[in-house]
Amino acid sequence: MAGKDKITVTHELVDIDTLHAKIEAGESLVIAADEEIIASLPSGNWIAGTIPYFMTEDGGKVDKKRIYVNTISGVSSDNAPRITMYNANTISRIAQEAPKHGFTILILPAMSDVHSAYAQNAPDYQNMFFSPIVGWISGVHLDDIETDSAKVGFGPASGMLVDNQAVAMHIHLPEEQTANIKIINLFAQGDGHKITFPEKGFNATNCLVDGAEWSFSDYLKEHNIDTKLPLVANYSGVMVNVSIQDVGAESVALYAPVFPGVEYRFAAPIDDYVKEFNKALPSGDAGNVAFCCNCILNFLYSELEGKKTGKMTGPITFGEVAYQLLNQTLVYLSLEQNT
């Protein structure tokens with residue numbers, strides 16, 4: 001790519017007419033919107049995920065009529081973004097197929113086989129962590145969670161909306177630019193019990209609590225654990241959350257998998273989420289932020305509807321991708337000019 005080229009990514013909440021105009025103009029787009037809107041779109045250079053929750057300049061918003069769109073500009077005609085679909089068997093290739101110098105935006109439908117495969121195995125994929133992979137888990141309005149399924153849209157094929165595959169856009173950068181993934185996670189390990197699990201997965205039945213065998217469900221109930229707080233693992237100083245979805249009689253459903261050999265503790269509580277979150281945001285005008293998403297659990301538990309989260313905007317999602325699957329975090333990708 002020629003040195004004079006520069007990739008820019010704009011992000012905005014738009015109406016359907018504006019989106020159609022952008023698609024017809026051949027722009028490269030990453031779209032977040034309600035299923036009905038995505039299903040109606042013409043073919044083009046876009047990928048999409050279903051979600052009606054957004055961070056906007058006016059605060060958290062629930063809207064089935066508006067569309068959040070990232071527009072990738074400045075690409076050369078011979079090195080345009082490449083759009084790919086992956087299933088549970090092929091998602092392991094994503095890091096190998098990522099650009100050597102650039103980044104990938106990935107959308108996976110919640111509770112699908114490809115979501116599960118990525119969540120449990122991504123850290124072990126060949127070439128993972130060589131090139132930035134960022135993205136999100138698509139979802140549905142929480143009122144429709146029993147009747148609708150999360151989906152992704154594949155722009156090159158008009159009307160292709162599926163719930164069992166992931167979509168990715170691989171974007172090359174000129175040598176003068178670098179993409180960096182950053183994570184805002186307000187949660188840290190509390191001073192409670194050390195918890196480990198014998199098996200990896202989205203459901204936890206048994207665990208060890210300070211070395212003693214427990215039913216994980218019984219432990220949560222008997223110790224009156226606040227399940228709005230996630231389990232937190234410390235990966236060499238990086239805090240990774242595992243959020244509780246549902247506490248059943250015999251097992252506990254999780255929004256992200258736990259892994260054997262990893263020590264978890266429940267997070268320390270946070271008194272004022274919005275205040276602490278805004279303190280953690282980067283200073284400046286966020287003009288170099290190319291992509292951003294925030295977790296639906298942050299939106300719900302911290303009552304973010306109508307509340308501003310700095311100048312960060314983007315979809316509010318059922319999970320975040322910063323190489324691997326994350327929960328209860330805000331993830332963003334910045335494009336930096338090399339000096």
Side-chain angles (χ1 to χ4, degrees), residues 9 11-16 18-19 22-23 29-41 46-71 85 105-112 114-115 118-119 134-155 159-169 243 245 255-256 289-307 309 312-322 325-333:
V9 184
H11 28 92
E12 56 188 331
L13 198 65
V14 302
D15 58 27
I16 189 66
T18 301
L19 180 61
K22 294 173 79 67
I23 292 173
L29 310 171
V30 179
I31 298 164
D34 186 68
E35 177 179 341
E36 185 176 343
I37 290 175
I38 298 173
S40 72
L41 298 179
W46 56 267
I47 61 173
T50 55
I51 204 74
Y53 301 97
F54 309 102
M55 297 179 293
T56 75
E57 293 179 351
D58 298 321
K61 181 184 290 289
V62 185
D63 195 333
K64 287 190 173 184
K65 299 299 182 183
R66 300 291 292 278
I67 305 109
Y68 195 88
V69 59
N70 295 88
T71 305
M85 296 192 79
I105 297 178
L106 172 67
I107 309 175
L108 307 109
M111 311 314 295
S112 62
V114 68
H115 173 208
Y118 190 87
V134 69
W136 53 285
I137 310 302
S138 64
V140 300
H141 194 288
L142 294 175
D143 290 345
D144 304 325
I145 204 163
E146 298 296 329
T147 56
D148 295 347
S149 62
K151 297 179 177 66
V152 298
F154 180 69
M160 188 169 184
L161 196 63
V162 297
D163 62 5
N164 60 352
Q165 296 190 68
V167 289
M169 182 176 288
S243 305
Q245 181 178 10
Y255 283 108
V289 174
F291 170 86
C292 182
C293 65
N294 197 359
C295 185
I296 186 71
L297 298 180
N298 286 339
F299 178 79
L300 293 174
Y301 298 161
S302 304
E303 300 178 344
L304 292 181
E305 187 168 1
K307 297 177 183 175
T309 47
M312 292 291 190
T313 62
I316 294 173
T317 69
F318 279 38
E320 307 78 62
V321 174
L325 177 69
L326 302 176
N327 282 147
Q328 284 184 257
T329 61
L330 180 143
V331 167
Y332 68 99
L333 181 137

Flag side-chain contact, heavy atom, 4.5 Å: M55 against N298: no
Which atom of P52 lies closest to which atom of K64, heavy atoms considered: CB-CG, 4.0 Å
Under 3.5 Å: donor-acceptor pair, side chain of H11, backbone of V289: yes
Minimum heavy-atom distance A32-F54, with the two atoms named: O-CE2, 3.6 Å
Q328 and Y301: CA distance, side-chain angles, deciding distance, side chain to side chain contact (heavy atoms under 4.5 Å, CB included) verdict: CA-CA 10 Å; Q328 284 184 257; Y301 298 161; 4.0 Å; yes
Check against side chain to side chain contact (heavy atoms under 4.5 Å, CB included), M169 and V30: CA-CA 8 Å; M169 182 176 288; V30 179; 4.2 Å; yes
Which atom of I38 lies closest to which atom of G153, heavy atoms considered: CG2-CA, 4.2 Å
Any donor-acceptor pair under 3.5 Å from Y68 side chain to I316 backbone: no
Side chains of I23 and W46 in contact at under 4.5 Å (non-hydrogen atoms): yes
Over all atoms of both residues, closest heavy-atom pair of L325 and A119: CD2-CB, 3.4 Å
Exercise: identify the closest heavy-atom pair between A166 and V114: N-CG1, 3.9 Å
OG-CD distance between S40 and E35, expressed to the nearest 0.5 angstrom: 11.0 Å
Sub-4.5 Å side-chain heavy-atom contact between L41 and I16: yes
F318 and L108, any side-chain heavy atoms less than 4.5 Å apart: no
Within 6.0 Å of CD in E12, more than 12 heavy atoms from elsewhere: yes
Expected output: side-chain N70 to main-chain A290 donor-acceptor under 3.5 Å: yes
Side-chain touch L333/I105, heavy atoms, less than 4.5 angstrom: no
S149: which of D163, D144, N164, V162 passes side-chain contact (heavy atoms from CB on, under 4.5 Å): D163
Shortest non-hydrogen contact between A110 and A150, atoms and distance: N-CB, 3.5 Å
Pairwise distance OH(Y332) to SG(C293) - rounded to 0.5 angstrom: 12.5 Å
Gap separating the NE2 atom of H141 from the CD1 atom of I51, nearest 0.5 angstrom: 10.0 Å
Separation of E36 CD from K65 NZ (nearest 0.5 Å): 5.5 Å
Minimum side-chain heavy-atom gap T313-L13 below 4.5 Å: no
No-hydrogen, no-angle side-chain donor-acceptor test under 3.5 Å, D15 and T18: yes
Chi angles and distances behind the side chain to side chain contact (heavy atoms under 4.5 Å, CB included) call for L300, L142: CA-CA 10 Å; L300 293 174; L142 294 175; 3.5 Å; yes
Distance, nearest 0.5 Å, that separates CG of N294 from OG1 of T317: 7.5 Å
Interatomic distance, L304 atom CG to I296 atom CD1 [nearest 0.5 angstrom]: 9.5 Å
Non-hydrogen side-chain atoms of T56 and R66 separated by less than 4.5 Å: no
L29 and T71: CA distance, side-chain angles, deciding distance, side chain to side chain contact (heavy atoms under 4.5 Å, CB included) verdict: CA-CA 5 Å; L29 310 171; T71 305; 3.4 Å; yes
Side-chain (E320) to main-chain (T329) donor-acceptor, under 3.5 angstrom: yes
Validation row: I137, Y255 side chains within 4.5 angstrom (heavy atoms): no
Exam field: side chain K61 to backbone G59, donor-acceptor pair closer than 3.5 Å: no
T50 side-chain N/O to V140 backbone N/O, donor-acceptor pair under 3.5 Å: no
